[in-house]
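Single-structure report; data block below.
Read the numbers this way: they start at 1 and go in the same order the structure lists the ligands and their atoms.
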Amino acid sequence: MAAKVLLKNDHIEGIRYYDTYRKHGGYEAAEKALKMAQADIVEEVKKSGLRGRGGAGFPTGMKWSFLAKPDGVPRHLVCNADESEPGTFKDRYLMEFHPHILIEGLLISSFALGSNATYIYIRGEYAWIVNILEEAIDEAKKAGWLGKNIQGTGFDCEIYVHRGAGAYICGEETALIESLEGKRGNPRMKPPFPAIQGLWMRPTVVNNVETLAAVVPIINMGGEEYAKIGVGRSTGSKLLSVCGNVNKPGVYEIDMTISVEEFIYSDEYCGGIPNGKRLKACIPGGSSVPIVPANLLFKTAKGETRYMNYESLSDGGFATGTMMGSGGFIVLDEDQCIVRHTMTLARFYNHESCGQCSPCREGTGWMYKILKNIEGGKGKMSDIGLLWDIQRRIEGNTICPLGDAAAWPVAAAIRHFRDEFEWHVNNPEESQRRNYGLAHY
Ligand code: L3W
Ligand code: SF4
């Protein structure tokens, strides 16, 4: 079902501005939270079952309760707005049209965690959204929701917006922290997790934009009520950004009880595939998660209907399942070439690898070169086995998840679409003819 939680005021003109947001119930959750004990806010978030909306789905309340509290050491909250996962643009929508729900969520979360200096690390390409956020922060400050002695509680909080410089890896939380500290965005080894040693080695919570915005409805309705939306461990609403071969691309909010088939074909959401084409495959959670062929998309490994939630999407593991990931829903029709698609992603991960670990630095480049050869009609049959071997040596052997993210799309493409790889090897001339101007890649 469609959910109206984060985007419940989507239809209201001017909801981007403080006065309108306030008139429609804005900052009521903050009013309530500032009268609560900090531990009780954390408890509400735990009860809500909210899971991280950036990709990993880690329980937010649990992450908050890991935050170390050594005497005299400042703690920080960092909002990860470095939305760079291919196919993912739901945080952009939220920040562009609903900046105050994020600012309110940040205020409540900062209060709960004891962060007096909170940062929004935003993707550099979202330059125009920096202005929107800074305008919203100014408005909130003028209304007494930020700054010193907020609403007479004695709590001080400033929110700083920091622009990234175009590196995908800075969305990985420890690379983000390094970048925020003014250094090159190289991921750190974990543990220690940021909750123990994060920004300037201080205890830090890093949460995604959508996760922090969800704290507002959780406080408004109470954790238990929020947990009633959705199903099982997939509580609350989820934003999805839809792109690819669908009639209605865009951002949708769902309650995670809808089936994948309904999501793709109903007019309320994707509206089906254009020009009556057949569905070939789907990547439901951003480019890093495994691609699923149409014949495995609507049923789980047990033969049950597959739903748009964390558990159902991953049912069957990598053999037949995939992941909710960041909610970047990419749909491919029958005309799309899986080899070309996989090559494009390999090129992306190779370009974005920070180069610290050899399996990722060397492996991503190697996979890209092999895929380019196969796609361009210059591949050998043994290249398919070689590709499989390289991706296996990357997965699980790197400092950060970019290595896995580069390996999984290749593994899933070979597992489910081996015939397309073989077709390119067996049809070099046709492959070269189809290879429309890739020389510059
Ligand atoms: C304290 C422990 N904290 C785990 C924390 C950890 C992190 C969170 C999840 O990668 C995925 C990646 C992308 N004590 C803890 C602990 N934590 N154990 O929990 O950790 P983890 O390692 O499971 O994931 P991650 O490093 O956050 C995120 C995938 O998301 N992804 C893409 C993301 C891209 C975007 C975007 O553009 N917006 O989000 C898509 O699937 O591949 O696997 O905070 O510190 N014992
Ligand atoms: Fe850098 Fe890749 Fe290693 Fe991550 S996996 S630290 S991006 S080299």
| Counting heavy atoms only, which of Ala68, Gly54, Gly52 comes nearest to atom 39 (O) of ligand 1? | Gly54

| request: Answer yes when Glu261 and Arg306 have at least one side-chain N-carboxylate O distance shorter than 4.0 Å, and no when they do not. | output: no

| query | Do Trp145 and Glu139 touch side chain to side chain, with heavy atoms closer than 4.5 Å? | reply | no

| query | Quick check: does Lys63 get an N/O under 3.5 Å from an N/O on ligand 1? | reply | yes

| request: Would you mind checking if Arg347 and Glu352 are paired as a salt bridge, meaning a charged N to carboxylate O distance below 4.0 Å? | output: no

| request: Could you list which atoms of ligand 2 come closer than 4.0 Å to a heavy atom of Ile169? | output: 7 (S)

| field | Lys47 atom NZ, over 12 foreign heavy atoms within 6.0 Å | value | yes

| said: My understanding is that we take every heavy atom of each candidate and find the minimum distance to atom 41 (O) of ligand 1. Doing that for Pro187, Pro192, Gly286, Gly325, which one comes out nearest? | reply: Gly325

| Counting only heavy atoms not in Lys380, do more than 12 fall under 6.0 Å of its NZ? | no

| message | If you count every heavy atom of other residues, nucleotides or ligands that lies below 6.0 Å from Arg415 atom CZ, does the total exceed 12? | response | yes

| task | Mark up the atoms of ligand 1 that fall under 4.0 Å of a heavy atom belonging to Pro194, in ascending order. | result | 45 (O)

| request: Heavy atoms only: give me the nearest Thr211-Gly54 pair and the separation to one decimal. | output: OG1-N, 4.5 Å

| said: I'd like to check whether Tyr168 has a polar contact with ligand 1, where a contact means an N/O of the residue lying under 3.5 Å from an N/O of the ligand. | reply: no

| query | Which word best sums up how the rings of Phe263 and Tyr252 line up, parallel for under 30°, tilted for 30 to 60°, or perpendicular for over 60°? | reply | perpendicular

| Glu178 bridged to Lys183 by N-O distance under 4.0 Å | yes

| message | At less than 4.0 angstrom from any non-hydrogen atom of Val289, what atoms of ligand 1 do you find? | response | 41 (O)

| Protein heavy-atom partner closest to atom 13 (C) of ligand 1 - residue, atom, separation in Å | Pro401 CB, 4.4 Å

| said: Below 2.8 Å, which protein N, O or S atoms neighbour atom 3 (Fe) of ligand 2, ignoring water? | reply: Cys357 SG

| query | Under 4.0 Å between a Lys/Arg side-chain N and an Asp/Glu carboxylate O for Arg123 and Glu83? | reply | no

| task | Measure the distance from atom 36 (C) of ligand 1 to every protein heavy atom, then report the residue, atom name and distance (to 0.1 Å) of the closest one. | result | Glu85 CB, 3.7 Å

| query | What's the shortest distance from atom 27 (O) of ligand 1 to any protein heavy atom, and which residue and atom give it? | reply | Ala56 CB, 4.1 Å

| Residues in side-chain hydrogen bond (donor to acceptor under 3.5 Å, both in side chains) contact with Tyr27, at least two apart in sequence or another chain | His100

| task | Report the nearest protein non-hydrogen atom to atom 6 (C) of ligand 1: residue, atom name, distance rounded to 0.1 Å. | result | Glu173 OE2, 3.0 Å

| query | Which residue and non-hydrogen atom of the protein lie closest to atom 46 (N) of ligand 1, and at what distance in Å? | reply | Phe193 CE1, 3.4 Å

| query | Should the pair Tyr93 and Phe97 be assigned to parallel (<30°), tilted (30 to 60°) or perpendicular (>60°) ring geometry? | reply | tilted

| message | Among all protein heavy atoms in this structure, tell me which lies nearest to atom 38 (N) of ligand 1, with the distance rounded to 0.1 Å. | response | Glu83 CA, 3.7 Å

| remark: The closest protein heavy-atom partner of atom 4 (C) of ligand 1 is Phe58 CE1, 3.4 Å

| said: Is there a side-chain contact between Asn116 and Cys157 in this structure, where contact means two heavy atoms from C-beta onward sitting under 4.5 Å apart? | reply: no

| said: Counting only heavy atoms closer than 4.0 Å, does ligand 2 sit against the backbone of Asn186, its side chain, both, or neither? | reply: neither

| Nearest-contact summary for atom 22 (O) of ligand 1 - protein heavy atom, Å | Lys190 NZ, 3.9 Å

| field | For Ser288, the ligand 1 atoms whose distance to one of its heavy atoms is below 4.0 Å | value | 42 (O)

| query | Between Lys238 and Glu210, does at least one N-O distance fall below 4.0 Å, as a salt bridge requires? | reply | yes

